[in-house]
Chemist: 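Below you'll find the structure I mean.
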Amino acid sequence: MDKADMTPADESTGGSTPPSRKRKIPLRTKLAFSSGAFQEAMLGAAAMTTMLFYNQILGLSPTLCGVAFLVASIVDGISDPLVGGLSDRFDSKWGRRHPFMLVSAFPLGISYYFLYQPMDGLSGTGLLAWFITSMVIMRLAQTFYNIPHDALGAEFTDDYHERTSVFGYNTVIGTGATVVMGMFVFWVLFPSTPEYSNGLLDPGRYPTLAMIGVPIIIGAILICTFGTRDQIPYLHRINRTPMNVRRYFGDLLELLRNPSYISVCVSWLTIAAGTGIFYTVTTYTYIYAYELSTEQLVIAGFVKLPGIFTALPLAAFMTRWLDKKKTVIMIALVAGIATAWPHALRMIGWFPDNDYPYLLWMLFTPLFISSLIMPVMAIVVDSQLVDITDDHEYRTGNRAEGLVFSIRTFAIKATAGLGGLIGGFGLEFIDFPENAEVGQVAPDVLDGLLFMSGPLYFIILFIGVLFMGLYRLNEKRHQEILTTLEERRAAGD
């Protein structure tokens, strides 16, 4: 083999047998890989305000806000698998993933800024166009970072449990960053004032939100990209077969024939959409139904903190005890019931009034239970997708981490995208008023908010559980697949 034809893995071993695929990943690498989650955390914390900002502050109707999220989701549905397929076959001195990650940093930061800093004087069509343009560019930039980033994590190791650890660190750090960013947004950027009982309704605070997110987003991406560059020699050999339409759709169709992939895709997208509705609408619910201040909303961040510390050991224990499929099913059911419980009880009049001294305890204890276990589900789903990548290579002979993990990136964006779409149309359906005042919203409109935050959320999670029941891989089957793959790789097939 000529040196020019060697992959980084070949060069690291002089063209001989590549390093062992069942290897432990250094803690430093796991932390560098996970540092990229800070950009997701910043985007996620800001996303809690997006619908409120464009609807209640700028006056765009909920339906038009939903249209903006719809357009962005359609673009995601096209671009995510395309970028995933491109990154699977891209070749450079920096490997196939890192160039995509690097090029995403500045467009993502800049488009985020403009999303929360629209031009003065816009209204109606102009404001909608600004919303859609900023959102689409931001989501495209996310695609160029998130999909290669996730595919990179999938390539680190073939060890069944070590890959759970890799994505476990990413989920735990991402969850912790999201909690911290959320508390920062509510407590520091949007404090309550005599003029605004809830600071999220203060239009003067949004320019600061726009400014402060830019260095966090760009810095996180650059740290992750440069911090994991030394792992390039240990990654899978690049598939040098040129990318074309036939091969792309061939890989995609093969994945769509895989029942485990369909199971995870539909289940995770359903759960992500439900979570997006919850976070979009529950901001309204907390403000208008429970009349909470931004300082009280900070408590919702505090109750999520324990889940950061228990997620990794709990994921390891549950996947060894129940395996991955049953772990996701159990967590989704328990979390769905716990999260929906207070809002369902308020609808039927069995929940305390807003002046009850222990209201916050009653409201946030179920959220604490849900937040204790939900990070485990994200960890396990990521690990399932890596196993599906091995299954895809077993079936086709091709590695397709980027294509497989495009569903994860789409699910993350669907949390805001599909959630914003359905939440926007839901707010229009219940006739939520413009420039609503706390304490002045009609009871039937409040019941609509409570339904979307509670019973509807559980129903959507239950549908996701049904689709997860189609998943077929387990540890024994995965080991059989890996044994076959190792034999093929050793034979140079």
Chemist: Using ring centroids (six-membered ring only for Trp), state whether Phe364 and Phe368 fall under 6.0 Å.
Modeler: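 No, too far apart.
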Chemist: In terms of side-chain heavy atoms, does Thr157 have a donor or acceptor partner in Glu162 at a distance below 3.5 Å?
Modeler: no
Chemist: Check for a donor-acceptor pair, side chain of Thr133 on one end and backbone N or O of Trp130 on the other, with a separation under 3.5 Å.
Modeler: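 No; judged by distance alone, with no hydrogens or angles, the pair does not exist.
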Chemist: With a cut-off of 6.0 Å (strictly less than), are more than 12 heavy atoms of other residues, nucleotides or ligands near CZ of Phe184?
Modeler: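 More than 12 within 6.0 Å, yes.
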Chemist: Of all the heavy-atom pairs spanning Leu64 and Leu128, show the shortest one and how long it is.
Modeler: O-CD1, 3.4 Å
Chemist: Which residue in the set Thr50, Thr49, Thr208 passes side chain to side chain donor-acceptor pair (under 3.5 Å) when paired with Tyr116?
Modeler: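 Checked Thr50, Thr49, Thr208 against Tyr116; only one passes side chain to side chain donor-acceptor pair (under 3.5 Å): Thr50.
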Chemist: Okay, side chain of Lys304, backbone of Val179: is any donor-acceptor separation there less than 3.5 Å?
Modeler: no
Chemist: Are Arg139 and Asn146 linked by a side-chain donor-acceptor pair shorter than 3.5 Å?
Modeler: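 Checked: Arg139/Asn146 side chains show no N/O donor-acceptor pair below 3.5 Å.
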Chemist: Do Asn198 and Thr294 have side-chain atoms, one donor and one acceptor, less than 3.5 Å apart?
Modeler: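 No.
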Chemist: Looking only at side chains, do Ser453 and Thr285 share a donor and an acceptor under 3.5 Å apart?
Modeler: yes
Chemist: Can you name the residues that form a side chain to side chain contact (heavy atoms under 4.5 Å, CB included) with Leu222, not counting sequence neighbours?
Modeler: Leu102, Ala105, Ile218, Phe226
Chemist: With no hydrogens and no angle check, do the side chains of Asp382 and Asn170 hold a donor and an acceptor under 3.5 Å apart?
Modeler: no
Chemist: Could you go through Leu385 and Trp268, starting from their C-alpha distance and side-chain angles, then the distance that decides it, and tell me whether this counts as side chain to side chain contact (heavy atoms under 4.5 Å, CB included)?
Modeler: CA-CA 11 Å; Leu385 288 173; Trp268 195 226; 5.6 Å; no
Chemist: About how many Å separate CD1 of Ile147 and CG of Leu152, when rounded to the nearest 0.5 Å?
Modeler: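 If we round to the nearest 0.5 Å, Leu152:CG and Ile147:CD1 are 13.5 Å apart.
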Chemist: Keeping the roles fixed (side chain from Ser263, backbone from Pro259), state whether a donor-acceptor pair exists under 3.5 Å.
Modeler: no
Chemist: Taking Thr365 for its side chain and Met362 for its backbone only, find out whether a donor-acceptor pair lies under 3.5 Å.
Modeler: no
Chemist: Check the pair Leu43, Gln39 against side chain to side chain contact (heavy atoms under 4.5 Å, CB included), reporting the backbone distance first and the verdict last.
Modeler: CA-CA 6 Å; Leu43 293 173; Gln39 60 87 19; 3.4 Å; yes
Chemist: Do we see a donor-acceptor contact under 3.5 Å between the side chains of Glu295 and Ser192?
Modeler: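 Side chains of Glu295 and Ser192: pair found under 3.5 Å.
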Chemist: With Tyr279, which of Val281, Thr275, Ile277 fulfils side chain to side chain contact (heavy atoms under 4.5 Å, CB included)?
Modeler: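 For Tyr279, the side chain to side chain contact (heavy atoms under 4.5 Å, CB included) check succeeds only for Thr275.
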Chemist: Hey, does the side chain of Asn354 reach the backbone of Ala289 with a donor-acceptor pair shorter than 3.5 angstrom?
Modeler: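 Yes, Asn354 side chain to Ala289 backbone: donor-acceptor pair under 3.5 Å.
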Chemist: Do the two ring centres, one from Phe69 and one from Phe131, sit under 6.0 Å apart?
Modeler: yes
Chemist: Would you give the length of the straight line joining atom CD1 of Ile25 to atom OG1 of Thr228, rounded to the nearest 0.5 angstrom?
Modeler: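 Spacing of CD1 (Ile25) from OG1 (Thr228) equals 11.5 Å.
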Chemist: Suppose we call two aromatic rings close when their centres sit under 6.0 Å apart. Are Phe156 and Phe33 close by that rule?
Modeler: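 Ring centroids of Phe156 and Phe33 are less than 6.0 Å from each other.
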Chemist: Check side chain to side chain contact (heavy atoms under 4.5 Å, CB included) between Val465 and all other residues, then give those that pass, not counting sequence neighbours.
Modeler: Ile329, Ala332, Leu333
Chemist: Atom CE in Met468, atom CD1 in Ile463: separation rounded to 0.5 Å?
Modeler: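 If I round to the nearest 0.5 Å, the distance is 14.5 Å.
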Chemist: Looking at every heavy atom in both Thr270 and Val266, which two are closest together, and how far apart are they?
Modeler: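 For Thr270 and Val266, the tightest heavy-atom pair comes out as OG1-O, 2.6 Å.
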Chemist: Got more than 12 heavy atoms from elsewhere within 6.0 Å of CZ, Phe425?
Modeler: yes
Chemist: Quick one: does Ser34's side chain have a donor or acceptor within less than 3.5 Å of a partner on Leu31's backbone?
Modeler: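 No, because the side chain of Ser34 does not come within donor-acceptor range (under 3.5 Å) of the backbone of Leu31.
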Chemist: Between the side chains of Thr339 and Ser370, is a donor N or O closer than 3.5 angstrom to an acceptor N or O?
Modeler: yes
Chemist: Are the charged groups of Arg205 and Asp202 less than 4.0 angstrom apart, N to O?
Modeler: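 Looking at Arg205 and Asp202, the cut-off is met.
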Chemist: Between Gly454 and Ala340, what is the shortest heavy-atom contact and its length?
Modeler: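 Shortest heavy-atom contact: O-CB, 3.2 Å.
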Chemist: Has the side chain of Thr171 got a donor or acceptor atom that lies under 3.5 Å from a matching backbone atom of Gly168?
Modeler: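 Here the side-chain-to-backbone pair does not exist.
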Chemist: Quick one: closest heavy-atom pair of Ile57 and Pro203, and the distance?
Modeler: CG2-CB, 3.5 Å
Chemist: Where do Ser104 and Ala141 come nearest, in terms of heavy atoms and distance?
Modeler: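 That closest heavy-atom pairing would be CB-O, 3.4 Å.
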Chemist: Could you give the distance from OH (Tyr261) to CG (Leu403), rounded to the nearest 0.5 Å?
Modeler: 5.5 Å
Chemist: Please check this pair: side chain of Lys325 against backbone of Arg472, looking for a donor-acceptor N/O pair closer than 3.5 Å.
Modeler: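 Looks like no, no N/O pair under 3.5 Å.
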Chemist: So how far is it from Leu473 CG to Ser260 OG, rounded to the nearest 0.5 Å?
Modeler: 4.0 Å
Chemist: With ring centroids as reference points, do Tyr356 and Phe351 lie under 6.0 angstrom apart?
Modeler: no
Chemist: Quickly, which of Thr282, Ile287, Ile430 forms a side chain to side chain contact (heavy atoms under 4.5 Å, CB included) with Leu449? Name it, please.
Modeler: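 Among Thr282, Ile287, Ile430, the one that satisfies the side chain to side chain contact (heavy atoms under 4.5 Å, CB included) with Leu449 is Ile430.
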Chemist: Going through the distances and angles, do Tyr196 and Phe190 end up as a ring-ring contact (aromatic ring centres under 6.0 Å, His included)?
Modeler: CA-CA 10 Å; Tyr196 296 97; Phe190 292 93; over 10 Å; no
Chemist: Would the number of heavy atoms belonging to other residues, nucleotides or ligands and lying under 6.0 Å from CZ of Phe114 be above 12?
Modeler: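 Result for CZ/Phe114: open.
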Chemist: Are any of the side-chain heavy atoms of Tyr206 and Gln117 separated by less than 4.5 Å?
Modeler: no
Chemist: Side-chain contact test, heavy atoms from C-beta onward, threshold under 4.5 Å: evaluate it for Tyr457 versus Met452 and give yes or no.
Modeler: no
Chemist: Between Gln296 and Ser293, is there a donor-acceptor pair closer than 3.5 Å when you use the side chain of the first and the backbone of the second?
Modeler: yes
Chemist: Taking NZ, NE, NH1 and NH2 as the nitrogens, is one of them in Arg97 or Glu155 under 4.0 Å from a carboxylate oxygen of the other?
Modeler: yes
Chemist: Do Asn55 and Tyr284 have side-chain atoms, one donor and one acceptor, less than 3.5 Å apart?
Modeler: yes
Chemist: State whether the side chain of Gln384 and the backbone N or O of Tyr471 hold a donor-acceptor pair below 3.5 Å, judged by distance alone.
Modeler: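 Looks like no, no N/O pair under 3.5 Å.
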Chemist: Would you please test Ile173 and Phe38 for side chain to side chain contact (heavy atoms under 4.5 Å, CB included) and show each step?
Modeler: CA-CA 8 Å; Ile173 291 176; Phe38 278 86; 3.8 Å; yes
Chemist: So, do Met138 and Leu108 sit near enough that their side-chain heavy atoms are less than 4.5 Å apart?
Modeler: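 Side-chain contact under 4.5 Å: yes.
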Chemist: If you compare all heavy atoms of Asp390 against all heavy atoms of His478, which two are closest, and at what distance to 0.1 Å?
Modeler: OD2-NE2, 2.9 Å
Chemist: Do Ser406 and Pro81 come within less than 4.5 Å of each other through their side chains, counting heavy atoms only?
Modeler: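 Sidechains of Pro81 and Ser406: in contact.
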Chemist: Please, which pairs that meet ring-ring contact (aromatic ring centres under 6.0 Å, His included) have at least one residue in residues 325-345, sequence neighbours excluded?
Modeler: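 Only Tyr290-His343 qualify under ring-ring contact (aromatic ring centres under 6.0 Å, His included).
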Chemist: Go through the side-chain N and O atoms of Ser383 and Lys324 and say whether any donor and acceptor fall under 3.5 Å apart.
Modeler: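 Yes, a side-chain donor-acceptor pair sits under 3.5 Å.
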Chemist: Looking at side-chain heavy atoms only, is the closest gap between Tyr169 and Leu27 below 4.5 Å?
Modeler: yes
Chemist: Run Glu401 and Thr389 through side chain to side chain donor-acceptor pair (under 3.5 Å) and show every step you take.
Modeler: CA-CA 6 Å; Glu401 291 92 347; Thr389 302; 5.7 Å; no
